[in-house]
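Taking it in order: structure first as structure tokens, then the write-up.
Naming: A, B, ... by sequence-line order, numbering from 1 per chain.
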Amino acid sequence: MIDRQAFRRSFDEMSAALARRGMDVDDPNGPWGRARALDTRQRELKSQAEALQAERNRVSRLIGQKKGKGEDASAELIAMGEVSRKVKELEAQAKEAEAAFTAVLMEIPNPLHASVPDGNSEDDNVEIHRWGDPRRDEVPPHWDIGADLGILDFEAGATLAGSRFTVLRGAAARMERALMQFMLNTHVDEHGYEEVWVPAIVNRKTMTGTGQLPKFEDDLYKLEGEDAFLIPTAEVPVTNLYQGQILDAENLPIRHCAYTPCFRREAGSAGRDVRGMIRQHQFDKVELVHLTTTERALSDLETLTGHAEAILQALELPYRLIELCGADVGFSAQKTYDLEVWLPSQQCYREISSCSSFGQFQGRRAGIRYRKEGGKPQPVATLNGSGLAIGRCLVAILENGWQQDGSVAIPQALQGYMGGAQSIM
RNA sequence: GGAAGGGUGGCAGAGCGGCUGAAUGCACCGGUCUUGAAAACCGGCGAAGGUAACACUUCCGUGGGUUCAAAUCCCACCCCUUCCGCCA
């Protein structure tokens, strides 16, 4: 959620930062235009209600005093009956106006950080650097590699659940588990994260705290008969671990890593990546989450991204780091780096991790604040990134490790987790 | 799912219609004392809105209601704990 103070005091700067996302900030009927009108109305009604409340409180106190002394207070009582009725009316109106204003604020994305490059689409994303030597020879797509080895079973997935579900067998199933272990161990032992294990089902409030709701309900799996949802990413439960809390500045930054399954309806991605396991309704991911100070957010984003890169390097997977342009940065983020791994069958880089700084946006929504010694509480800055998406990692290993004889070389870092095997054949 | 108990400031815990945004203790901050620290003593110390600063308003799980007045009474819901049932 945007800062209400800043909304009023730095309206023009905020407009500009939102316009760079491609948002129409001049449309009076759009969220931005409505927010301004609703804010004014909300403030007017509130101050009216407050003035009357003050009157009511003052006289009520007087009545109490008079009665205590045994004096007659019937004149005040009669007058207050009317005031009380009006207060209730105004309170209700003010509350409604406040709710309307908040509702619109919840629909407004995070203003971009000044350092985010301009752009109109993902084509304008900026490549920062590349790592590794992408293989240029012809490699079959992972679905063929996996089918030939008998370790990826798309038909079984479709039978059990539908399209965009996959069953892993044998070495693929084990590698999925190995990747999970390897990533968590690396982040815990080498990068200093505290591992957490969290629910994959969360309630509406939690989903709202990180920004998935109210705007993106269609992308989520909702449980029937309950106001609860399957998580689309561990970001949601892990960040919300601290919802409503005031943290000590000295405990920051807090760094968590977590494995969870992730569930996405993939509404609106019809026809994209229909084959294989690039885009699944259920996938595994190890997520990195930081809670930090506003001052540190940007430099911590570099650190976090580096932690995700370390996994790709350890797995010997060629990749590139790109920075998303204004048009491509997600709703809640102020700045985002994507890591894209090389997929030889497609001869292109595909997203395997997304690392973002959210500034105070989520901290404000989820009520996560911190206090510097003697200071007032202020929203924490949050960051998160995939470290990494496991299914896509498996895909990358199958394709990048594929040999002419149909076998797949297992990266050395993973062999210990695979019973010492050096390849899948 | 059934029964009982409970949700109050960072924590613990009083309050059970008006003078209570809230006793008390702990924690924390400032001071006195001390070579320093501890102890002791004195003072301060919830959050949000609002203001130049005050004033003022709101918040005692959430939402409604009663009342001139609600943390306190009534209703609904949510959550937690314990017991029973079920169960990986």
Side-chain angles (χ1 to χ4, degrees), chain A residues 1-10 35-36 38-106 197-209 213-214 222-229 237 240-252 254 261 291 360 363-380:
Chain A
M1 190 160 44
I2 61 168
D3 179 10
R4 292 161 88 125
Q5 306 273 349
F7 172 71
R8 286 198 285 273
R9 289 172 194 169
S10 317
R36 196 166 204 183
L38 287 168
D39 183 35
T40 308
R41 175 177 160 71
Q42 172 258 136
R43 284 156 61 79
E44 276 171 13
L45 285 168
K46 254 190 202 164
S47 61
Q48 279 175 37
E50 283 179 10
L52 213 55
Q53 280 169 337
E55 169 72 1
R56 180 198 62 189
N57 291 346
R58 190 182 63 78
V59 180
S60 285
R61 233 169 283 142
L62 191 71
I63 293 172
Q65 284 166 8
K66 280 199 167 184
K67 284 198 163 178
K69 284 188 252 171
E71 294 172 18
D72 174 47
S74 50
E76 285 87 352
L77 280 173
I78 290 164
M80 279 304 98
E82 179 60 20
V83 171
S84 195
R85 214 173 8 259
K86 267 198 192 143
V87 165
K88 235 163 236 179
E89 219 178 282
L90 269 173
E91 265 179 349
Q93 285 178 28
K95 205 165 184 180
E96 206 183 298
E98 159 67 28
F101 180 50
T102 305
V104 174
L105 284 189
M106 294 300 240
W197 188 276
V198 294
I201 296 174
V202 299
N203 59 31
R204 180 173 294 273
K205 184 179 178 192
T206 296
M207 269 309 176
T208 306
L213 289 179
K222 185 174 190 307
L223 301 197
E224 188 167 350
E226 297 187 50
D227 206 22
F229 305 82
N240 276 288
L241 233 30
Y242 299 94
Q243 68 172 235
Q245 294 188 30
I246 300 176
L247 309 168
D248 278 335
E250 59 196 67
N251 294 331
L252 300 179
I254 292 170
L291 285 83
Q360 299 182 336
R364 202 172 285 117
R365 279 173 95 104
I368 311 170
R369 293 172 294 172
Y370 75 98
R371 195 198 309 266
K372 269 188 249 180
E373 217 172 86
K376 296 209 91 180
Q378 55 178 304
V380 292

Rounded to whole Å, how long is the line connecting atom CD1 of A:I246 with atom C1' of B:rC11?
13 Å
If you look at every heavy atom in A:V198 and A:L241, which pair is closest and at what distance?
CG1-CD1, 4.4 Å
With rounding to the nearest 0.5 Å, note down the distance linking CD1 in A:I63 to CE in A:M80.
6.5 Å
Between B:rG7 and B:rC16, how many Å separate the two C1' atoms, rounded to a whole number?
15 Å
Taking atom CZ of A:R56 as the centre, does the number of heavy atoms from other residues, nucleotides or ligands within less than 6.0 Å exceed 12?
yes
If the threshold is 4.0 Å, N to carboxylate O, is there a salt bridge linking A:K88 and A:E91?
no
A:D248 has an atom CG; how far is it from atom C1' of B:rC11, in whole Å?
12 Å
Distance from A:F229 atom CZ to A:M207 atom CE, nearest 0.5 Å?
6.5 Å
For A:D227 and B:rC77, give me the distance from atom CG to atom P, rounded to whole Å.
16 Å
Excluding sequence neighbours, so at least two apart, what forms side-chain hydrogen bond (donor to acceptor under 3.5 Å, both in side chains) with A:D39?
A:R8, A:Q42
Sorted by position of nearest nucleotide on RNA chain B, 5' first, the leading residue of A:G81 and A:S60 is A:S60
Considering only atom C1', compute the distance from B:rG5 to B:rU58 and round it to an integer number of Å.
31 Å
Rounded to whole angstrom, note down the P distance from B:rU8 over to B:rC80.
14 Å
A:Q245 has an atom CD; how far is it from atom C1' of B:rA47, in whole Å?
15 Å
Write down the distance between CZ (A:R85) and P (B:rC68), rounded to a whole number of angstrom.
10 Å
Under 6.0 Å from the CZ atom of A:R204, do we count more than 12 heavy atoms belonging to anything else shown?
yes
Write down the distance between CG (A:N251) and P (B:rC28), rounded to a whole number of angstrom.
14 Å
Run the salt-bridge test on A:R85 and A:E82 with the 4.0 Å N-O cut-off and return the result as yes or no.
yes
Spell out protein contact along nucleotides 50-67 of chain B as letters: B when the base is contacted, S when just the sugar-phosphate is, - when no protein heavy atom is under 4.0 Å; keep the 5' to 3' order.
S-----SSS-----S-SB
C1' atom, B:rC11 versus B:rU66: distance in rounded Å?
35 Å
Rounded off to whole Å, could you give me the CD-to-P distance for the A:E226 and B:rC78 pair?
11 Å
Kindly determine whether A:E44 and A:R41 satisfy salt bridge (charged side-chain N to carboxylate O under 4.0 Å, His left out), including the steps that lead there.
CA-CA 5 Å; A:E44 276 171 13; A:R41 175 177 160 71; over 6 Å; no
Rounded to the nearest Å, what distance is computed from the CZ atom of residue A:R371 to the P atom of nucleotide B:rC28?
14 Å
Pairing pattern in dot-bracket form [Watson-Crick, G-U; both distances under 3.5 Å; | = partner strand] for RNA chain B
((((((((.[[[..)..(.....]]].(((((.......))))).((((......)))).[[[[[..)....]]]]])))))))....
